[in-house]
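Bear in mind that the values here come from a model prediction, so they are computed numbers and not experimental data. Each chain gets a letter, A, B and so on, in the order the sequences are listed, and its residues count up from 1.
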2 protein chains.
Amino acid sequence: MLRLSKLTDYATVILSHIAKESGQTHSALCVADATGIALPTVSKILKILVNAKVLVSTRGIKGGYALARAPENISVADVISALEGPIALTECSISHEGCEQASGCGISANWGLINQAIQHALEAVTLADMIKPVNVPQEFMIPVSSIYRPI
Amino acid sequence: MLRLSKLTDYATVILSHIAKESGQTHSALCVADATGIALPTVSKILKILVNAKVLVSTRGIKGGYALARAPENISVADVISALEGPIALTECSISHEGCEQASGCGISANWGLINQAIQHALEAVTLADMIKPVNVPQEFMIPVSSIYRPI
DNA sequence: CTAAATAGAACTAAAATAGTCCACAATTAC
DNA sequence: GTAATTGTGGACTATTTTAGTTCTATTTAG
């Protein structure tokens, strides 16, 4: 399947938990308890999310983690790219080196466009959406034509 | 990155090559030569694509592989799901067993919707599009609202 | 100073992926 | 009918990626 790593999956669960009480700071231990994910794993993910500026942390005895901005401003794309790097389906969308297929590499440009379509889809969904019960803006349209033009 | 396996990447290259001369049958060897991908790998991918009914094969001395239908009717989604199984970003979109996160799994329904949006995006692009130089129908719109409703 | 918390890096183990190989089946040419 | 060519299916191995753990520093409240 078009797979997201388990860590990314956990990250969305963790962020959802934090987003539900956006004001507070949450310690790694407290998040681990609430989500049922093992503490070292939670800790690792939280660190990554801080580096990606999705979370902010405070050290010290009353420290913990909190969202870096409002849930409406954190997209699923932000979370995915924090954990998995740039959103691109194929290697050659990122770097072209060594891609010397004898024929047929007008393809890469097309992949680029597909990637952009998907990226826009993922940017359109925010943490705020994720914590809402399923229920959606009527006009959640992705105008692919606007991005589907030569790079 | 939101990654597609290398085999899937190869598959699009291989299919593009075959699509460029849709009438003929192509032997595995001939495809390997044309694409620069190692023969055993090409062979493996071709077999998978036959099982997925994207290609048809004929055996014997004049045998080889050909598209099962017109390039316009083979979508990128077909190719991806042939090689990677159902298009879903997270485990729990496919099966729910064992997903007992203490809190916060109203998330899975939302993932389901995101998956569908992406699937539709990938279904909208065909092999025929891939072999064209970048150049696109003006109204390649994905009306996500039509699918973004409770399952 | 001490306790509780994050930061960062290194390491190990497990799982998925890529790639190869082989014995078999089908078809065609001669 | 036999041999040559091509696909079929499965098993296997090596490599790479991912997941998960552990350890040592650093920060800060009390």
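- Rounded to an integer number of Å, the gap from A/D9 CG to D/dA19 C1' is 13 Å.
- Side-chain atoms of A/V42 and A/I45, non-hydrogen and from C-beta on, never get closer than 4.5 Å to each other.
- Atom-to-atom, CG of A/L46 to P of C/dG8 comes out at 13 Å; the value is rounded to the nearest Å.
- Distances shorter than 4.0 Å separate some side-chain N or O of B/Y65 from OP1 or OP2 on D/dT8.
- For the pair B/I48 CD1 and D/dG10 C1', the interatomic distance rounds to 12 Å; values are reported in whole Å.
- Taking side-chain N and O atoms only, A/S57 has a distance below 4.0 Å to OP1 or OP2 of C/dA7.
- For the pair A/K53 NZ and C/dA7 P, the interatomic distance rounds to 12 Å; values are reported in whole Å.
- Taking the side chain as every heavy atom from C-beta outward, A/K6 and A/I37 never approach each other to under 4.5 Å.
- Residue contacts for B/T58: at a heavy-atom cut-off of 4.0 Å it reaches the sugar-phosphate backbone alone, with no base atom in range.
- Note on B/K47: a base of the nucleic acid sits closer than 4.0 angstrom, heavy atoms only.
- Between the C1' atom of C/dT17 and the CD1 atom of B/I80 lies a distance of 17 Å, rounded to the nearest Å.
- At least one side-chain nitrogen or oxygen of B/T41 sits closer than 4.0 Å to the OP1 or OP2 atom of C/dT20.
- The nearest whole Å value for the distance from the CG atom in A/L4 to the P atom in D/dT17 is 17 Å.
- Counting only heavy atoms from C-beta outward, the side chains of A/I18 and A/L55 approach each other to under 4.5 Å.
- Heavy-atom distances to DNA chain C give each of B/T8 and A/A28 a nearest nucleotide, and the one nearer the 5′ end belongs to A/A28.
- Considering only heavy atoms from C-beta on, B/L67 comes within 4.5 Å of B/L127 through its side chain.
- Distances shown here put every side-chain N or O of A/Y10 at or beyond 4.0 Å from the OP1 or OP2 atom of D/dA19.
- Rounding to whole angstrom units, CG of residue B/L39 and C1' of D/dT5 are separated by 13 Å.
- A donor and an acceptor atom sit less than 3.5 Å apart, one in the side chain of A/R59 and one in the base of D/dT26.
- When the C1' atom of D/dA19 is taken as reference, atom CD1 of A/I45 falls 10 Å away, rounded to whole Å.
- Inter-residue side-chain proximity for B/L122 and B/I80 is flagged as met; some heavy-atom pair is nearer than 4.5 Å.
- With a 4.5 Å cut-off on side-chain heavy atoms, B/D129 and B/K132 count as touching.
- Remark: B/N51 is not in phosphate contact with D/dT8, judged by side-chain N or O atoms under 4.0 Å from OP1 or OP2.
- Distance from the side chain of A/K6 is smallest for D/dA19 among the nucleotides D/dA19, D/dT6, D/dT21.
- A donor-acceptor contact under 3.5 Å links the side chain of A/K44 to the base of D/dG20.
- When the side-chain nitrogen and oxygen atoms of A/S43 are compared with OP1 and OP2 of C/dA7, none of them lie within a distance under 4.0 Å.
- Comparing C/dT28, C/dG19, D/dT22 by their closest approach to the side chain of B/L7 singles out C/dG19.
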